[in-house]
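Data block below; observations after.
Indexing begins at 1, ligand by ligand and atom by atom, following the structure's order. The residues of the chain are indexed from 1 along the displayed sequence. Quick note: numbers below take in every heavy atom, side chains included, and nothing from hydrogens, waters or symmetry partners.
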Amino acid sequence: MKLKEKDILVDGINISYIEEGEAEAAVIIFIHGFPFNKWKWENQIGLLKERYRVIAYDVRGHGESIANTAQMNMNQLSDDLFSFMDAIGVESAIICGLSMGGYIALSSVLSQPARIEALILCDTQCGADSDQARTKRMDVIESIQKNGLSQYAHDSVQKLFCEASLMDKLNEVSSIEQTILHTSVETIVNTLKALAARKETCSRLNQINIPVMILVGESDQITPLEAAQKMQDLITGSSLQVIEKAGHLSNLENPASFNGYLQGFLTSIQQISTRL
Ligand code: MLT
């Protein structure tokens with residue numbers, strides 16, 4: 001399947017994105033995790049493009065969205081999303097974000113709720129980093145600056161995938177390792193700082209009043225099941241689905257199960273809204 005890749009200049013950043021489906025259809029926008037790119041949503045784009053206008057973009061500094069990352073923070077990444085939506089003529093959309101993509105989605109729904117119709121939060125959390133997690137990120141930055149990305153890429157995949165995926169999903173594992181190695185050190189360092197500095201959103205999740213589905217890999221070590229359960233407790237009416245045989249990258253590790261839940265959720269919200 002050859003997907004259509006485009007780019008657009010938004011506030012001085014060249015945002016690279018994939019867009020498929022009919023222009024008049026309801027819009028779903030996918031936001032990748034750190035430090036990945038838009039191509040990690042290929043399985044989901046293929047599934048939805050007949051019924052939706054499906055968009056996946058590279059977050060500032062990642063993939064082919066070459067941009068200044070020096071002042072990166074979650075508010076800026078959420079502003080980027082809205083500026084990108086303006087630029088491509090999308091007033092409101094369903095947003096699906098994984099991990100960092102989920103942080104951006106949560107920050108966005110809290111700042112401009114009218115522009116988000118529904119949320120799919122995958123392998124993410126509402127908590128800020130603990131002091132220990134912040135210290136760990138600073139140690140990682142020091143090691144990358146001293147030794148480059150190879151060790152970091154190798155160590156990352158061990159944590160991102162569940163044990164079964166590390167043995168059986170060799171293409172996915174290799175693709176993630178290569179993606180990390182092809183991301184600039186500057187982007188990785190600046191994004192790690194932004195992730196370490198991000199604020200918690202748990203205390204405001206009770207403001208969300210749109211349909212929300214939370215997905216989590218059963219063996220996610222980075223944003224585990226308890227983090228997903230906490231969000232479900234705080235978001236009225238949200239649902240939680242656990243993806244078997246998956247770690248932190250549930251859409252890549254078990255696409256059949258992930259896509260089944262995604263399709264089920266989209267069908268259920270279509271039944272309650274004429275806009276979707
Ligand atoms: C991600 O996948 O986006 C990262 O693991 C997020 C994080 O490190 O907090």
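- Cysteines Cys96 and Cys122 are not disulfide-linked, with SG atoms at least 2.5 angstrom from each other.
- Remark: the Ser175 side chain and the Lys40 side chain contain an N/O donor-acceptor pair separated by less than 3.5 Å.
- With sequence neighbours left out, Asp220 forms a salt bridge (charged side-chain N to carboxylate O under 4.0 Å, His left out) with no residue at all.
- For residues 64-90, the set of pairs meeting the salt bridge (Lys or Arg N to Asp or Glu O under 4.0 Å) definition, not counting sequence neighbours, comprises Lys38-Glu64, Arg60-Asp80, Asp86-Arg115.
- If you check the side chains of Gln125 and Thr223, you find no donor sitting under 3.5 Å from an acceptor.
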Are any protein N/O atoms closer than 3.5 Å to the N/O atoms of ligand 1? If there are, list each pair with names and the distance to one decimal place.
unit_1, atom_1, unit_2, atom_2, d
ligand 1, 2 (O), Ser99, OG, 3.0
ligand 1, 2 (O), His248, NE2, 2.9
ligand 1, 3 (O), Phe34, N, 2.7
ligand 1, 3 (O), Ser99, OG, 3.0
ligand 1, 3 (O), Met100, N, 2.8
ligand 1, 5 (O), His248, NE2, 3.4
ligand 1, 8 (O), Arg137, NH1, 2.9
ligand 1, 8 (O), Arg137, NH2, 3.4
ligand 1, 9 (O), Tyr103, OH, 2.6
ligand 1, 9 (O), Arg137, NH2, 2.9

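- With sequence neighbours excluded, no residue forms a side-chain hydrogen bond (donor to acceptor under 3.5 Å, both in side chains) with Glu50.
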